[in-house]
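Taking it in order: structure first as C-alpha cells, then the write-up.
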Amino acid sequence: MPQLGLLAGRAWAALLSQLLRPPCASCTRAVGCHSQDFDIAGQFDPMIPDAECLKIMCEILNGLQLGDFLIKMAWKDVRHEMVSKKGLAPDVADRIGDYVQCHGGVSLVEQMFQDPRLSQNKQALEGLGDLKLLFEYLTLFGIAEKISFDLSLARGLDYYTGVIYEAVLLHTPTQAEEEPLSVGSVAAGGRYDGLVGMFDPKGHKVPCVGLSIGVERIFNIVEQRMKTFGEKVRTTETQVLVATPHKNFLQERLKLIAELWDAGIKAEMLYKNNPKLLTQLHYCESTGIPLVVIVGEQELKEGVVKIRSVASREEVAIKRENLVAEIQKRLSES
C-alpha cells in the first residue's frame, strides 16, 4: 500500500474504501454525482499541498488500474486573462486562440512568461510563478509526465481561486473490436480559498485545496473491463463461507468462523439456525465467495472439515487443525 506524506497507511486504506460507499449528499462537481473527496485545509507555503493532492490523485488512479490517464491543469486567473475578451485589442484576441489550443508542461509556462501581454498583468504573473513552482514539486514526486498545463480546461471557475485540474482516461481497457466507454473526467479538483469563509459568520479565510474521485464513472469502467474479460463482479469481500448440511450445527459453525476471523480471514455464515446446504452454496455463487468450509456429522466424527471450491465444485477433506493454514494457502494462490 502506498505511503503518502499526509496519509498514513490506515488512512489511505480508509480513503480508498470510501469508493465503495454511497454518497451522503448530491455533488455538483464535474466528475459526476457519486464522488468521494479528499481535501487539505490550512495556511501552508505555496503549492506544497497542491502538489500532494495531485500525487494522491495519481496514486489512486494508478492503484485502480483504469488504464493510461492524463491530468489536465490550468490556473483560474491566468485563464481569465487569456480567455476574457472584455477590453482586449483585436490582436490580443487573436493570440488567445493560440494559447487555448496549447498544452504541455513547464516549457509552456516558461513560454507564457515571455509573452509581453501577460507580463503586464500581476495576477497572471503570480499564477504562472506558482505553476512553475508546482511543476518543480511534481517533478520531485515523479508525476510531472502525467500533468499537462491546458488552457482549454474550463470547470467551476467561480468556485475555484487558483490551480484547477481534472483527470481523463486516454483509453479504457477494452478489446480492439469493442467501442471504448466514454466517461469524461474520472477525478477533478483545485484550490478554493474563499469557500469556507462564506460559511463563517466572522468571514475567516481558510485556504483549501482538494480533489474529488468520480466513483460512479470509475465503477462503469471497472464493470466494462470485467465483462470484457469474462470476470464476475463480486458484491462482497468475503473469502470463505462456513456451511453445514445438517441441522443443529450452529455452535460448530460459530467455532469455525471465530477461528477464521482470529486468523484474519474474511469469513461469514448465513444467519439461520438450520439453513439448507443448497441455499448456502447458491449464496456463494451469487456473491462470488470463492471457498466454502463444510462441517457435518461425519466430518465432526472424523475430526476433519471439507473445503469446497465454488468455481470447480471440488471438495477435499482436511484435518481440523490444518484448516487455517490450508485456507491461507489457497487464498495466496488465487
Point to revise | Glu268/Ile289 under side-chain contact (heavy atoms from CB on, under 4.5 Å): CA gap, chis, key distance, verdict | key: CA-CA 10 Å; Glu268 66 174 284; Ile289 299 175; 3.9 Å; yes
Exercise for review: Applying side-chain contact (heavy atoms from CB on, under 4.5 Å), run through Leu54 and Tyr137 and close with a yes or a no.
Suggested key: CA-CA 10 Å; Leu54 287 164; Tyr137 296 154; over 6 Å; no
Check your understanding: Do Ile40 and Cys208 pass the side-chain contact (heavy atoms from CB on, under 4.5 Å) test, and can you show the C-alpha distance, the side-chain angles, and the key distance before you say yes or no?
Key -> CA-CA 6 Å; Ile40 300 174; Cys208 298; over 6 Å; no
Check your understanding: Please walk me through it: do Val310 and Leu281 pass side-chain contact (heavy atoms from CB on, under 4.5 Å)?
Key -> CA-CA 8 Å; Val310 176; Leu281 297 180; over 6 Å; no
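Residues Cys284 and Leu241 come closest through the heavy atom pair SG-CD2, 3.3 Å. Looking at every heavy atom in both residues, Ile307 comes nearest to Ile327 through CD1-CD1, 3.8 Å. Shown here for Lys55 and Phe141, the closest heavy-atom pair between the two residues is NZ-O, 3.4 Å. Taking each heavy atom of Ala243 and Val292 in turn, the nearest pair found is CB-CG1, 3.7 Å. Residues Leu250 and Lys272 approach most closely at CD1-O, 4.4 Å, considering heavy atoms.
Contact check on Arg320 versus Glu259 returns a salt bridge, with a Lys/Arg side-chain nitrogen under 4.0 Å from an Asp/Glu carboxylate oxygen. With respect to the salt-bridge test (charged N to carboxylate O, under 4.0 angstrom), the residues Glu252 and Lys255 qualify. With salt bridges taken as basic N to acidic carboxylate O contacts below 4.0 Å, none links Glu326 and Lys319.
Using modelled atom types and a 3.5 Å distance limit, the side chains of Gln114 and Glu110 yield no donor-acceptor pair.
The shortest distance between side-chain heavy atoms of Pro275 and Tyr283 does not fall below 4.5 Å. Side chains of Ser148 and Met73 form no contact here, defined as non-hydrogen atoms less than 4.5 Å apart. When side chains are defined from C-beta on, Leu323 counts as touching Leu256, because their heavy atoms get closer than 4.5 Å. Side chains of Leu195 and Tyr160 form no contact here, defined as non-hydrogen atoms less than 4.5 Å apart. Two residues are said to be in side-chain contact when any heavy atoms from C-beta on lie closer than 4.5 Å; Ile60 and Phe38 fail this criterion. The shortest distance between side-chain heavy atoms of Val168 and Val186 does not fall below 4.5 Å.
Proximity of a side-chain donor or acceptor of Thr244 to a complementary backbone N or O of His246 within less than 3.5 Å is detected. Remark: side-chain polar atoms of Asn274 are paired, donor with acceptor, to backbone N or O of Asn248 under 3.5 angstrom. A distance-only check finds a donor-acceptor pair linking the side chain of Arg253 to the backbone of Asn273 [under 3.5 Å]. With hydrogens and angles ignored, the 3.5 Å screen pairs no side-chain donor or acceptor of Ser185 with any backbone N or O of Ala187. Put simply, the side chain of Glu52 never gets that close to the backbone of Ile48: no donor and acceptor are under 3.5 Å apart. Listed for the Gln239 side chain is a donor-acceptor partner under 3.5 Å among the backbone atoms of Lys266.
To the nearest 0.5 angstrom, Gln298 atom CD is 8.0 Å from Lys306 atom NZ. Between atom CG of residue Leu138 and atom CD1 of residue Ile147 there is a gap of 5.5 Å, rounded to the nearest 0.5 Å.
The neighbour count for Lys72 NZ, taken as heavy atoms of other residues, nucleotides or ligands under 6.0 Å away, does not exceed 12.
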